[in-house]
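Below, chain A is the first sequence line, B the second, and so on; all start at residue 1. Remember, it's a predicted structure, so these values are computed and weren't measured experimentally.
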Number of protein chains: 2
Amino acid sequence: MTLEQSEYPCPIERTIQTIGGKWTFLILRNMFQGENRFNQLQRNLDGISPRTLSLRLKELEQANIIIRNVFPETPPRVEYHLTEKGEELRPIFVTMKTWGNKWEIMKP
Amino acid sequence: MTLEQSEYPCPIERTIQTIGGKWTFLILRNMFQGENRFNQLQRNLDGISPRTLSLRLKELEQANIIIRNVFPETPPRVEYHLTEKGEELRPIFVTMKTWGNKWEIMKP
DNA sequence: CTGAATCCAGCAAGATACTG
DNA sequence: CAGTATCTTGCTGGATTCAG
């Protein structure tokens with residue numbers, strides 16, 4: 001690999017390592033909008049497969065960006081919530097939204 | 001594909017579509033630090049292959065985020081510069097840097 | 001409902017060699 | 001120096017099925 005140095009020295013690189021996946025970004029965007037259940041996310045994420053959604057959620061949980069909460073009911077219910085660390089990603093998304101709104105596709 | 005709708009309706013999605021690649025982010029980070037030549041970028045990007053660098057630069061050029069400037073000299077010199085559209089991505093990187101600095105790896 | 005398991009496809013990227 | 005060409009590898013994700 002190209003990253004075997006002692007650690008990720010650059011904070012931007014660290015951030016991208018954590019949330020930079022194709023789906024990860026979109027999952028977080030939806031969570032910032034209040035969605036927190038598995039099916040709810042899956043429905044609103046343009047047909048993401050359960051496999052991928054599950055994998056990404058686990059990654060985010062391991063990075064302490066979200067917390068997984070299981071309710072022992074039938075049918076089972078699981079809610080995902082942003083931690084403080086996750087919540088503080090919000091400015092990144094706000095900035096992206098601003099930029100995306102200003103510069104539409106192919107607009108010079 | 002999962003994106004055959006009329007366009008990318010979400011500005012965040014648009015932004016990610018444009019700059020969300022693994023290397024794209026890092027290339028831009030280096031350009032924000034003033035690097036603008038091919039070899040200079042390649043040297044400082046942890047061994048990115050010329051093929052990948054070339055492909056990503058072309059994408060960025062097509063998205064009007066950078067401009068390619070060829071100087072007819074020997075040896076040839078090519079400089080890449082951020083457009084206004086590209087320059088305005090900077091706040092995203094600043095926000096990421098802030099977050100990455102605050103929340104080091106695995107820090108809860 | 002919330003996943004886990006399995007298998008497979010596609011593309012991004014690496015390695016390497018070569019050119020104007 | 002700034003790429004292109006070619007070939008190969010590896011990861012991400014899709015599709016589907018099944019389970020608690």
Rounded distance (Å) that lies between atom [atom2] of [N] and atom [atom1] of [X]:
X     : N      : atom1 : atom2 : result
A:Q42 : D:dG13 : CD    : P     : 14 Å
B:L53 : C:dG14 : CG    : C1'   : 14 Å
B:I19 : C:dA12 : CD1   : C1'   : 18 Å
A:L55 : D:dT12 : CG    : P     : 9 Å
B:Q17 : C:dA12 : CD    : P     : 11 Å
A:I48 : C:dG3  : CD1   : P     : 13 Å
B:L57 : D:dA2  : CG    : P     : 11 Å
B:E73 : D:dA2  : CD    : C1'   : 13 Å

**Asked** Considering only heavy atoms from C-beta outward, does the side chain of A:Q42 approach that of A:N39 to under 4.5 Å?
**Response** yes

**Those residues of residues 34-41 of chain B lying under 4.0 Å from DNA chain D by at least one heavy atom** = B:R37, B:F38, B:N39

**Any donor-acceptor N/O pair under 3.5 Å between D:dT12 base and A:R56 side chain** = no

Quick check on [N]: is either OP1 or OP2 less than 4.0 Å from any side-chain nitrogen or oxygen of [X]?
X     : N      : answer
A:W23 : D:dC11 : no
B:T52 : C:dA13 : no
B:Y80 : D:dG3  : yes

**Fill in**
Whichever of A:R51 and B:R68 has the more 5' nearest nucleotide on DNA chain D, that residue is B:R68

**Prompt:** What's the spacing between A:I12 CD1 and B:L28 CG if we round to 0.5 Å?
**Reply:** 10.0 Å

**Asked** Can you tell me how far OH of B:Y80 sits from CG of B:L53, rounded to the nearest 0.5 angstrom?
**Response** 7.0 Å

**Bend angle of the helix from C:dC1-D:dG20 to C:dG20-D:dC1, from helix axes over five pairs at each end, nearest 10°** = 50°

What residues form a side chain to side chain contact (heavy atoms under 4.5 Å, CB included) with [X], not counting sequence neighbours?
X     : value
A:T18 : A:A63, A:I65, B:W99
A:R77 : A:R37, A:F71, A:E73, A:E79
A:T52 : A:W23, A:I48, A:S49, A:R56
A:L55 : A:R51

Suppose we screen for salt bridge (Lys or Arg N to Asp or Glu O under 4.0 Å). Which residues come up paired with [X], at least two apart in sequence or across chains?
X     : answer
B:E84 : none
B:E35 : none
A:R90 : A:E87
A:E61 : none

**Fill in**
So the ring-ring contact (aromatic ring centres under 6.0 Å, His included) pairs with at least one residue in residues 31-62 of chain A (sequence neighbours excluded) are A:F32-A:F93

**Message:** Categorize B:F71 for me: base, sugar-phosphate, or nothing, with a 4.0 angstrom heavy-atom threshold over every strand shown.
**Reply:** nothing

**Fill in**
Contacts of A:P75 and A:K58 projected onto DNA chain C by closest heavy atom; the upstream (5') one is A:P75

**Request:** Give the nucleotide from the list C:dG3, D:dG3, D:dA15 with an atom nearest to the side chain of B:S54.
**Result:** D:dG3

Review item, nucleotides 17-20 of chain D N/O atoms under 3.5 Å of protein N/O:
none

